[in-house]
Amino acid sequence: MADQSQIQSSASKSIRPFRSSEEYLEAMKEDLTDWLNMLYDLDMEAGTFMEVLETGYTLCQHANNLNRLAQDFKEKNPKPAAHMRLPQKDVTFQVKGAVPGSFLARDNVSNFIGWCRQELGIPEVLMFETNDLVLRKGEKSFVLCLLEVARRGARFGMPAPTLIQMEEEIEEEINRGRAGTEKGGYLLGQMPARPARTLCDLRNLDELVREILGFCQCPSQFPMIKVSEGKYQVGDSNTLIFVRVLRSHVMVRVGGGWDTLEHYLDKHDPCRCLSVSSLRKLNTT
């Protein structure tokens with residue numbers, strides 16, 4: 001749960017003019033770093049995230065752990081498992097000699113990629129290539145793929161990163177809203193929702209959102225109306241977004257992924273869009 005000092009820290013970082021469009025990537029890297037540190041007792045930092053994982057060892061270790069967890073899930077839950085894609089084939093990998101940049105490290109990463117495609121069935125739009133990790137050709141592709149691996153693992157009971165937990169929390173809220181509109185209180189075949197989890201201090205979230213919106217000094221500000229805790233109606237439409245605090249970042253649930261509130265506003269607030277466009281033109285001249 002975010003305390004007041006975290007909220008103030010987030011605000012001070014968030015009100016910088018037009019943060020990089022890659023800030024959401026840093027937020028996800030921080031979350032995945034903490035998650036892998038917890039699972040495998042690593043001493044990794046977000047700044048060394050790519051360097052530590054490029055040997056492929058931890059990735060392949062995680063794949064095989066997820067295989068075993070999926071099989072345990074199948075034994076305990078045969079009916080739902082019958083309708084799910086379960087990974088089975090273990091990944092072969094090398095520990096000795098798999099130093100960053102080596103052939104063995106590249107082979108480990110390649111084997112993990114093959115497992116993601118063949119065993120988890122991760123779509124190509126969320127896949128990465130060996131050089132995306134080893135040569136830093138595509139950090140975004142790697143991070144999004146690893147987050148999807150974590151998302152799939154959570155279905156089998158694997159502890160999940162905070163972002164995935166927030167996704168589940170939001171989905172539960174959406175399902176409760178849908179269920180409340182049905183006669184009898186629940187959708188046909190739907191079990192009663194689990195108790196809502198609190199992963200951030202929603203009481204202080206609105207204050208932080210107002211701080212970020214307040215950066216724009218235009219007479220007519222971009223509309224962002226609070227509907228309920230952590231839920232806002234934005235723009236001139238009826239679009240609803242869910243907002244959460246992740247460490248020092250204010251995150252927006254967008255479609256099947258996440259963005260920072262600052263970057264979301266850069267793309268949707270006409271005033272900010274013009275300012276960002278002007279800055280880009282200046283940088284290219």
Please say whether more than 12 non-hydrogen atoms of neighbouring residues, nucleotides or ligands are located less than 6.0 Å from CD in Glu45.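 No.
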Centre-to-centre under 6.0 Å for His249 and Trp258, is that the case here?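 No, too far apart.
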Between the side chains of [Y] and [X], is the shortest nitrogen-to-carboxylate-oxygen separation below 4.0 Å, so that they form an ion pair?
X: Arg106; Y: Glu54; result: no
X: Arg247; Y: Glu30; result: no
X: Glu129; Y: Arg117; result: yes
X: Asp72; Y: Lys76; result: no
X: Arg244; Y: Glu169; result: yes

Give me the one residue out of Ile212, Leu208, Leu213, Val245 that meets side-chain contact (heavy atoms from CB on, under 4.5 Å) with Leu261. Ile212
What pair of heavy atoms forms the shortest contact from [X] to [Y], and how long is it?
X: Glu75; Y: Pro78; value: O-CD, 3.9 Å
X: Ser141; Y: Met127; value: CB-O, 3.7 Å
X: Gly56; Y: Asn108; value: CA-CB, 3.8 Å
X: Phe222; Y: Leu265; value: CD2-CD2, 3.7 Å

Between Lys29 and Tyr24, is any side-chain donor less than 3.5 angstrom from a side-chain acceptor? no
Assess the side chains of Asp269 and Tyr264: does a donor N or O sit below 3.5 Å from an acceptor N or O? no
Can you tell me how the ring of Phe49 sits relative to the ring of Phe142, calling it parallel under 30°, perpendicular over 60° and tilted otherwise? tilted
From Asp90, Thr92, Asn67, residue fulfilling side chain to side chain donor-acceptor pair (under 3.5 Å) relative to Trp115: Asn67
Same cluster for Ile164 and Val149 if Ile/Leu/Val/Met/Phe/Trp/Tyr side chains link at under 4.5 Å? yes
